[in-house]
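A quick write-up on the structure given underneath.
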Protein chains: 2
Amino acid sequence: MIKENYTINSAELEKKTEWFIGKCREKGLKVTPQRLAIYRELMKTDEHPSAEMMYNKLRQDYPGISLDTVNRTLITLHEMGAANIVEGSGDSKRYDCNMDEHQHFKCIKCKKIYDFHHKPFDDIKLPPNINKKFKILRKTVYLEGICDICLEENE
Amino acid sequence: MIKENYTINSAELEKKTEWFIGKCREKGLKVTPQRLAIYRELMKTDEHPSAEMMYNKLRQDYPGISLDTVNRTLITLHEMGAANIVEGSGDSKRYDCNMDEHQHFKCIKCKKIYDFHHKPFDDIKLPPNINKKFKILRKTVYLEGICDICLEENE
DNA sequence: GTACTATATAGGAGTAAATCCTATTTGTCA
DNA sequence: TGACAAATAGGATTTACTCCTATATAGTAC
């Protein structure tokens with residue numbers, strides 16, 4: 001259940017590459033060597049790299065690639081639905097001193113954070129192997145999307 | 001269930017301040033005017049501020065306060081269990097192109113991110129008022145703690 | 001294949017957020 | 001009330017992007 005030492009086989013890599021090319025075409029995005037390289041490199045790892053980590057890896061095979069391209073492309077991958085940004089990362093740190101059980105919704109447009117409380121979320125049970133392997137200090141249900149105000153403004 | 005326009009009354013503010021002072025003493029941390037001011041200011045807002053936002057607010061009453069102190073103190077609050085860092089914020093962006101349903105555990109010490117998959121977490125149901133008010137684009141269960149490797153190193 | 005055009009890239013400059021450094025100050029406790 | 005470890009201010013530095021602009025290139029139209 002905990003996934004480790006993930007390695008993608010080359011058949012899967014090619015299949016996903018085809019899917020990615022289709023997705024680019026569908027969205028009217030050009031299939032550039034850099035985009036392909038970044039997507040393929042991200043598929044080969046399970047270490048949830050940062051842009052900097054990706055840049056250092058990619059430079060070995062593409063010495064001319066720029067950090068800006070890596071940054072831009074990773075965000076493009078995210079926007080086109082080919083990658084995610086891991087929860088505890090991104091944007092600047094935001095603080096909250098309400099220590100009562102509650103959950104957060106974050107608007108990805110205006111960056112506003114809304115509290116809500118749904119009791120069943122306080123009690124979700126972790127699989128036992130997680131508790132055995134790691135010391136869990138925090139367990140949250142986290143939502144992202146567009147808030148009502150931003151939704152209205154878009155029309 | 002969605003909490004809005006939160007204002008703390010002064011009785012509650014004083015009660016929490018007392019609790020905070022006790023917590024500082026318990027942890028051997030000095031009760032400085034800056035710490036108190038930062039904690040009290042954070043309690044008065046529900047906007048989940050960044051350090052910069054806090055700094056700008058606090059400067060009105062404490063013209064000499066430094067941004068570094070605000071940053072350090074907010075992290076101290078977090079470490080002593082008096083504040084949280086909201087999930088979609090902090091550290092540099094980390095990417096993941098595995099779009100199959102899965103969850104993340106992040107080690108707060110080594111920053112490594114582990115995938116795991118617990119099927120019941122794929123199906124958690126949101127309260128209907130959330131879906132009505134916001135457009136939900138992402139719904140995740142997110143864990144933080146110390147990984148097995150860092151736990152071992154600490155002994 | 002050739003030409004066109006909108007998109008993407010490289011590389012450097014600029015910006016935002018956070019951290020580091022060091023002299024000074026200040027809670028805390030003996 | 002004095003000693004000292006801890007905390008702060010303020011500036012320097014680092015990190016993590018983001019912006020700018022000239023050049024290059026993928027996709028398309030001929």
Side-chain angles (χ1 to χ4, degrees), chain A residues 17 20-39 41 48-80 82-83 85-86 88-95 108 111 113, chain B residues 17 20-39 41 48-80 82-83 85-86 88-95 108-109 111:
Chain A
T17 301
F20 177 69
I21 290 171
K23 195 92 178 173
C24 283
R25 296 257 151 79
E26 183 192 318
K27 303 253 173 186
L29 297 166
K30 290 181 181 173
V31 180
T32 65
Q34 291 91 336
R35 270 191 190 146
L36 273 179
I38 291 166
Y39 181 67
E41 197 57 49
H48 307 79
S50 65
E52 193 76 30
M53 289 154 86
M54 288 290 292
Y55 176 59
N56 288 329
K57 192 75 184 30
L58 285 155
R59 276 208 295 181
Q60 295 168 17
D61 292 322
Y62 301 82
I65 204 164
S66 78
L67 176 58
D68 187 42
T69 296
V70 177
N71 262 304
R72 257 186 308 98
T73 302
L74 286 169
I75 292 185
T76 303
L77 295 189
H78 177 56
E79 286 171 349
M80 69 192 277
I85 299 174
V86 177
S89 72
D91 295 348
S92 59
K93 289 190 191 71
R94 300 281 291 271
Y95 297 91
I108 57 169
K111 309 291 183 191
I113 292 157
Chain B
T17 301
F20 176 69
I21 291 171
K23 195 93 179 173
C24 284
R25 296 256 150 80
E26 184 191 318
K27 303 252 173 188
L29 296 166
K30 291 181 180 172
V31 180
T32 64
Q34 291 91 336
R35 269 189 192 147
L36 273 178
I38 292 166
Y39 180 67
E41 196 58 50
H48 307 79
S50 64
E52 193 75 31
M53 288 153 86
M54 288 290 291
Y55 176 60
N56 287 329
K57 194 74 184 30
L58 285 155
R59 276 207 295 182
Q60 294 169 17
D61 292 322
Y62 300 82
I65 204 165
S66 80
L67 177 58
D68 187 42
T69 296
V70 177
N71 262 304
R72 258 185 308 97
T73 302
L74 286 169
I75 291 185
T76 304
L77 295 188
H78 177 55
E79 285 171 350
M80 68 190 277
I85 299 174
V86 177
S89 71
D91 296 346
S92 59
K93 289 189 191 74
R94 301 281 292 270
Y95 296 90
I108 58 168
K109 251 196 99 191
K111 309 290 183 191

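A note on names: the letters A, B, ... follow the listed sequences, proteins ahead of strands, and every chain is numbered from 1.
The structure places CG of Asn71(B) at 9.5 Å from CD1 of Ile38(B), a figure rounded to the nearest 0.5 Å. One distance of note links CD of Gln60(B) with CD1 of Ile65(B); it measures 12.0 Å at 0.5 Å rounding. Interatomic distance, Glu41(A) CD to Asp61(A) CG, rounded to the nearest 0.5 Å: 7.0 Å. For the atom pair NE2 (His78(B)) and CD1 (Ile108(B)), the distance works out to 6.0 Å, reported to the nearest 0.5 Å. Considering CE of Met80(A) and OG1 of Thr73(A), their distance stands at 10.5 Å, rounded to 0.5 Å. Atom CG in Asp91(A) sits 8.5 Å away from atom CD1 in Ile113(A) (nearest 0.5 Å).
Residue order along DNA chain C, read from the 5' end via each residue's closest nucleotide, puts Ala51(B) first among Ala51(B) and Lys30(B). Nucleotides of DNA chain C nearest to Arg25(B) and Gly28(A) differ in position, and the one nearer the 5' end is that of Gly28(A).
Between the side chain of Arg94(B) and the main chain of Lys111(B), a donor-acceptor pair closer than 3.5 Å is present.
Bracketed by its first and final contacts, the part of DNA chain D lying under 4.0 Å from non-hydrogen atoms of chain A reaches from dC17(D) to dG27(D) in 5' to 3' order.
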After noting the C-alpha distance and the side-chain angles of Leu74(A) and Ile85(A), does the key distance pass the side-chain contact (heavy atoms from CB on, under 4.5 Å) rule? CA-CA 9 Å; Leu74(A) 286 169; Ile85(A) 299 174; over 6 Å; no
Would you please test Tyr95(A) and Val86(B) for side-chain contact (heavy atoms from CB on, under 4.5 Å) and show each step? CA-CA 6 Å; Tyr95(A) 297 91; Val86(B) 177; over 6 Å; no
Let me see the working for Arg35(B) and Val31(B) under side-chain contact (heavy atoms from CB on, under 4.5 Å), right down to the final yes or no. CA-CA 7 Å; Arg35(B) 269 189 192 147; Val31(B) 180; over 6 Å; no
Trace of the side-chain contact (heavy atoms from CB on, under 4.5 Å) decision for Met53(A) with Lys57(A): CA-CA 6 Å; Met53(A) 289 154 86; Lys57(A) 192 75 184 30; over 6 Å; no
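In terms of polar N and O atoms assigned as donor or acceptor, the side chain of Lys93(A) never comes within less than 3.5 Å of the base of dA18(C) in a complementary pairing.
Note that the two end axes of the helix from dG1(C)-dC30(D) to dA30(C)-dT1(D) enclose an angle of 40°, each drawn from 5 base pairs, rounded to 10 degrees.
Within residues 52-74 of chain B, the residues approached by DNA chain C to less than 4.0 Å at the level of any non-hydrogen atom are Asp68(B), Asn71(B), in residue-number order.
In the set dA18(C), dT19(C), dT28(C), the nucleotide with an atom closest to the side chain of Ile75(B) is dT19(C).
Within the 4.0 angstrom heavy-atom criterion, no nucleotide atom of any strand lies near Leu36(B).
Rounded to an integer number of Å, the gap from Arg35(B) CZ to dG27(C) P is 11 Å.
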